[in-house]
Undergrad: 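Once you've had a glance at the structure underneath, I'll fire off some questions.
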Amino acid sequence: MNLEKEIRIHIKNAFKSIFDTDLDLAQLFLQPTRKEFEGTHTFVVFPFLKVTKMSPEDTAVVVGNFLKSRSGMIKDYNVVSGFLNLEIDTSVWVSCLDDMLKNQYWGQLADNGKKVMIEFSSPNTNKPLHLGHLRNNFLGDAISRIFEAAGYQVKKTNLVNDRGIHICKSMLAYKKWGNEETPKSAELKGDHLAGKYYVLFDKCYKEEIATLISKGVSEDEAKKLAPILLEAQEMLQKWEQKDTEVMTLWKKMNAWVYEGFEITYKSMGIEFDVIYKESETYLLGKGIIEEGLNKNVFYQRKDGSVWIDLKEEGLDEKLLMRSDGTSVYITQDIGTCDFKYDDFCMDQSIYVVGNEQNYHFNVLFSIMKKMERPYGEGLYHLSYGMVDLPSGRMKSREGTIVDADELIDEMFTTAAKHTLELGKIEKLTENESKNLFKMVGLGALKFFLLKVDPKKRILFDPRESIEFQGHTGPFIQYTHARISAILRRASSDGINEVLLPILEIHSREQILLAHLMRFEEVIAQAARDYSPALLAQYVYDLAKGYNGFYQELSIFNEPNDHLVTFRISLSRLTAKVIRRSMNLLGIEVPNRM
RNA sequence: CCGCCCGUAGCACAACCGGAUAGUGCAACGGCCUUCUAAGCCGUAGGUUGCAGGUUCGAAUCCUGCCGGGCGGGCCA
C-alpha cells in the first residue's frame, strides 16, 4: 500500500464531497510534519482557499474532520494555522510495516524497459588516479546502481584514454631515462611508474622552455618549440603510422598501467561492463561529417574546414574538421556516440565528466540532436564540481595531487586504528577484521564524496582527516551493525516475528516508518535528478532516526510482546533499507563493528 | 567581452513542486554507559540564506540587476 497516495486520494474525495471540486492528485502533495507537532503527514491548505472560500483554519478543520470520520486511516488531526497535521491510525502503520517487510522487491522499482549506458572513470594511461577521479568513479558507480534500482537496464562503460600526445610524453621520457625499469624492478605500481615518467617529461620540458626564453624566444613560441615536445609529437606521428618500435613500447607501458588500474579499481570496489579504448575509437566520426554536410546541418568554409552553427542554441560556431582534413576532439566523440548506440541501442546515455567540459557536452549533444539520432534526447552530461584543496586546484607540477591509492590506503589504516581503539571486534577473525577496516575506510571516503550535490565543488583538506563520526558513512554502517546485534539476539531468543495488533506506537516509531516508506520515491528521484546525494541524505536521516528510536525505546525490556515483535520488525526493515541504500551508493555495511 | 555553475552558522553540508520558528554534522560548552554496540543519544550556544529590488497569502527556493568564487568560449584535449 502506498500510504501517501491513499491519503491524497482521501483528500481529493474530501474536496469533491465538501466543496464539489475536482482536484488533480498531483497538486495535493503532503510534506513531513515538523517534529514539534503531532502527526507525520502535513497537508498545506493555502493553495486551495480560492476553492473553499474559507479561512485556512476552517478549511483544515473541515478536511481533517472528513478524513478522520471517512478515511478509516486517520486517527486524529491537528491544525496549526493553514497546516493540517495528520496522525495515522496504528493498525495502518502496522500493515504498512508488514507490507514492506514482505515485499522482497522493496527498493527495486519495476523494469521500465529502458536501457541506459553510463560512461565514467575514463582515465588517461599516463598517470595514476587521483582524488578527482575518485569522485568521478564513485558518482558513476552509484548512479549506475541507482538507475538499475529505478528499473533501467544499465551498461557501465569506461572509455580509456590510452593514446595521444600525453601518453607519448610518458613513453618518450621512459625511453630516454627509463633504463629498462619495470614495475617489478622499481617496486612501483605500473600506473605510478608511467606517472613518474610523465613528471620527468614535464620537468625537462619546463627547463627547455626556460632555456629558450633566456635566449630571447617568447614564452608562447618556447612552449611550441621545446625540443622534447617536438620529439613527443614526432612519436605520436610514428604511433599513428603504427611504427613497430613505438607500438611495442606503447603496448608494454599501457599493459603496466592497466595492471595498476586494476588494483585501484579493485580496492575501490568498482567494475565495468565494457571497456572501450580511445585507440580504437579515435578515428570514428569522419563519416558523420559527410552525412552532416549532406543534411545541411554542417557547412564547409572556403579553406575546406567543416563547421556547425550553434548560435541559435546559445553556443558558437564550432569547428568539426580542420582544413587539412584531420578531425578534432569533438569529432571522435560524435563518432563514439553512434559507436555506443550500435553496441547497446540505449535510450539514454549518461556521461560522468567534470564540469570543465560543460560547454563541450552542450555542443556535442546539440549536434547529435540536429543529426536526429534516436538517442539524441536521451543524452545527459552528469557534470560534477572539482575536488579542490584549500590551496585551490590540485596541480601535478606543484606536487599537490592527492593520489587515489595513497588516500584509500590511508582510509584503511585510519579505520583500523579507530576500530581497534574501540575494541569491539575480538570475535572477528583476522580476515574478517581486515575486511571490516576496508569496508569502513572506503565507506567513509565514498560517503564523504557522495553526500555532496554533484554539481557543487568539494573542498578537501588533507590536514583534516575524513570523519568517522557524525554525518558520515561509518555512522550509518555502525547503525546497521547495531541493528544486526538486535536481530541476532531476537533470533537466538527465538522471538516470533509475526506482527500482531497493537494499540499505539511511539512518535519516534511513526516518524521512522514514514521515513522508510519514502524509500522508493527517493530512488526514483535520485535517478530523475542524477543525484546520489539525495540517497546519501536519505539514508543518513534514516540512521539518525533509528538511533533516536533505539535510544529512547527499549526493545527486549518492553513488557508488551506485540510491541517487542513490532520493534524487532521495524529494526529488521530499517537494517534492510540501510543496507540497500548504502549498496546503491556502492558502500557495504557490516554486521559487527 | 560573452556563456554556464556556485554563494546558507567558524568549518563541512541539507532544505522535495515556493509553505510552519531555515535543519544536520564537525568544532565549543553541559549531561547520559551495573540495562539491546557511547563510531551513539539528549541539551546549550551559534543565521539579515552574498547585496539590492520585484512577483504573492507566503521566497533560501522564482524573476531582474549588482558583488564574490569557479569553469569554459573557431583549427588544444
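Below, read A as the first sequence line, B as the second, and so on, with proteins coming before strands; counting in each chain starts at 1. All values below come from the heavy atoms of this structure, side chains included, with hydrogens, waters and symmetry mates left out.
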Undergrad: Could you write out RNA chain B as dot-bracket? Rules: Watson-Crick or G-U wobble, both distances under 3.5 Å, brackets [ ] for crossings, | for pairs with another strand, dot for unpaired.
TA: (((((((..((((.....[...)))).(((((.......))))).....(((((..]....))))))))))))....
Undergrad: Which of the following nucleotides, B:A77, B:C16, B:G19, is nearest to the side chain of A:Val44?
TA: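 Selected nucleotide: B:G19.
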Undergrad: Answer yes or no: does atom NZ of A:Lys370 have more than 12 heavy-atom neighbours from other residues, nucleotides or ligands under 6.0 Å?
TA: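 Above 12, so yes.
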Undergrad: Kindly state whether the pair A:Tyr359 / B:G73 counts as stacked, where counting means centroids closer than 5.5 Å and planes tilted less than 30° apart.
TA: no
Undergrad: Does A:Asp303 get its side chain close enough to the base of B:C75, under 3.5 Å, for a donor-acceptor pair?
TA: yes
Undergrad: Is B:G74 in the syn range, within 90° of 0, or in the anti range?
TA: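 It is syn.
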Undergrad: Taking protein heavy atoms under 4.0 Å as touching, what does nucleotides 23-36 of chain B look like 5' to 3' if B marks base contact, S marks sugar-phosphate-only contact and - marks none?
TA: SSSS--------BB
Undergrad: Do A:Arg163 and A:Trp250 meet the cation-pi criteria used here (NZ or CZ under 6.0 Å from the six-membered ring centre, within 45° of the axis)?
TA: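 Pair A:Arg163/A:Trp250 does not count as cation-pi.
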Undergrad: When the C1' atoms of B:C26 and B:G40 are compared, how many Å lie between them, rounded to an integer?
TA: 16 Å
Undergrad: Is any side-chain N or O of A:Asn547 under 3.5 Å from a base N or O of B:A38, one able to act as donor and the other as acceptor?
TA: no
Undergrad: Hey, does the side chain of A:Asn560 reach the backbone of A:Leu563 with a donor-acceptor pair shorter than 3.5 angstrom?
TA: yes
Undergrad: Can you tell me if A:Phe83 is stacked onto the base of B:A20, using a 5.5 Å centroid cut-off and an angle below 30°?
TA: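 The ring of A:Phe83 is stacked on B:A20.
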Undergrad: Between the main-chain N or O of A:Ala481 and the side-chain N or O of A:Asn591, is there a donor-acceptor pair closer than 3.5 Å?
TA: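 It does not hold such a pair.
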Undergrad: Please lay out, stage by stage, how A:Asn547 and A:Arg482 fare under the test side-chain hydrogen bond (donor to acceptor under 3.5 Å, both in side chains).
TA: CA-CA 9 Å; A:Asn547 281 322; A:Arg482 220 180 199 188; 2.7 Å; yes
Undergrad: Going by the glycosidic torsion and a 90 degree boundary from 0, is the base of B:C33 oriented syn or anti?
TA: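 Here the answer is syn: the torsion falls within 90° of 0.
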Undergrad: Rounding to an integer number of angstrom, what distance separates B:C41 and B:C67 when you compare their P atoms?
TA: 45 Å
Undergrad: Check this one for me: any side-chain N or O of A:Lys456 less than 4.0 Å away from OP1 or OP2 of B:C13?
TA: no
Undergrad: So does A:Thr40 get a backbone contact from the side chain of A:Thr33, meaning a donor-acceptor N/O pair under 3.5 Å?
TA: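 The answer is yes, because a donor-acceptor pair under 3.5 Å joins these two groups.
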